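Written below as structure tokens is the structure these notes are about.
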Amino acid sequence: MADRPPSTLRLRIDQKALAANWQALDRLSGRAGTGAAVKADCYGLGVDRCVPILKKAGCEAFFVAHWQEVEGVARHVDPGSIAVLHGCTNEAEAAYAIATGAKPVINSLEQARRWTEADGGPCHLMIDTGINRLGIATHECSDPAIAALDIDVLMSHLACADEDSAMNVRQLQRFRDIIPAISHRTTSLANSAGIALGSKYHFDLTRPGLSLYGGVPRTELSEVIAQVAYPQAAIIQRRSIRAGEKVGYNATFTAQHDMEIGVVSIGYADGFLRANKQEGAAFRDGQTRLPLLGKISMDMVVVDCSEAPNLREGDWLDIPYLLPEKSGATGLSQYELLTVLGDRFA
Ligand SMILES: *Cc1c(COP(=O)(O)O)cnc(C)c1O
């Protein structure tokens, strides 16, 4: 095949901001080490771009959800530093763990027995302290299947770290109560938001994800976390429309006067969902605001170019992507806003 022409859709990753975010979270983690959740292709921003930066910044512990994600991360880091949060749910996964050296986070007594039968060696263990998602129940901690494990990181996961909730204290207390009952090397509780809850929550290792990539789950982090993902889309057609003309599917927009409009190369297939509101849909040079007209299509959206009449086909527009702000405007979570970004971005 011929070389592909340049894309009309791109995602700029601010590598300095990514490294600085990890370092800021590491500072906030105090004496605890700081890992990185790199699941879901680094929350949509790309393992190949992000993992080498996190490693260079000093990160030595990487968390993915699926075994399918191990290979991509292991291209950049020691497989032994990769933990798989879903654990080993069958023999094939246990065998794959042993073959690759990535470690399962054991989540149930059944997984524990499977791992011991496979003679898997060191692993991690998740304790459920109230989120009721993955992890062994506190009353299962004394089971012989757990005693048989060689546990590296003993961990739990907070349900409400982004809120000021009594649940945080409750989970902290349950986790503390369990720690002496299980033999292990190190402990870990906090995700991004948990880091901001203070040193009691830090234990030996923190596991931020969202805030590495620019998410601000608690206001304490708003001064220290910088935007990392900057989507940009090119104008692929300019047109002039007359008063009374309509724009887009279902003709939901009607021009009140003659207008200059631009068709922009981003749509809901790229993660620019219809939850995006009319205002501030795109910016020129991060400044001139170009309101969105009509419905967002799969591959494009139409903007009002009245404020920027010199814009041409091929010119780039910035898609505002300050996560806390955009989350407030769209009703989508900051996590969704990152992971929804499609794979057509260059
Ligand atoms: C995803 C995940 C994290 C990271 O959480 P953030 O809120 O993105 O910082 C940490 N621990 C576990 C178990 C996770 O599933």
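Counting convention: from 1, in listed order, for ligands and their atoms alike. Worth saying up front: this structure is predicted, and the values here are computed from it rather than measured. Each residue takes its place number in the sequence, starting with 1.
Using cut-offs of 30° and 60° on the angle between ring planes, the pair His124 and Phe63 is tilted. Between Tyr43 and Tyr335, the angle of the ring planes lies from 30° to 60°, which puts this pair in the tilted group.
With salt bridges taken as basic N to acidic carboxylate O contacts below 4.0 Å, none links Arg185 and Asp204.
With a 4.0 Å cut-off on non-hydrogen atoms, Arg207 touches ligand 1 through its backbone as well as its side chain. In Phe63, neither the side chain nor the backbone holds a heavy atom less than 4.0 Å from any atom of ligand 1. With a 4.0 Å cut-off on non-hydrogen atoms, Gln334 does not touch ligand 1 at all. No part of Val105 comes within 4.0 Å of ligand 1, judged by heavy-atom distances.
Residues Ser240 and Glu260 have side chains that bring a donor and an acceptor to within less than 3.5 angstrom of each other. A donor atom on one side chain and an acceptor atom on the other are not found under 3.5 Å apart for Asn250 and Thr252.
Inter-residue side-chain proximity for Met155 and Val105 is flagged as met; some heavy-atom pair is nearer than 4.5 Å.
Considering backbone and side-chain atoms together, Met126 places no N or O closer than 3.5 Å to any N or O of ligand 1. Between Leu210 and ligand 1, an N or O atom pair is found at a separation short of 3.5 Å. Backbone and side-chain nitrogen or oxygen atoms of Ser211 are examined, and none is located within less than 3.5 angstrom of a nitrogen or oxygen of ligand 1.
In terms of protein heavy-atom proximity, atom 2 (C) of ligand 1 is closest to Lys39 NZ, 2.5 Å.
Every atom of ligand 1 with a heavy atom of Tyr43 under 4.0 Å away is listed here by number and element: 1 (C), 4 (C), 5 (O), 6 (P), 8 (O).
Looking at Ser192, Ala65, Ala40, Ala161, it is Ser192 that brings a heavy atom closest to atom 9 (O) of ligand 1.
Of the listed residues (Val228, Leu54, Thr34), just one forms a side-chain contact (heavy atoms from CB on, under 4.5 Å) with Leu212, and that residue is Leu54.
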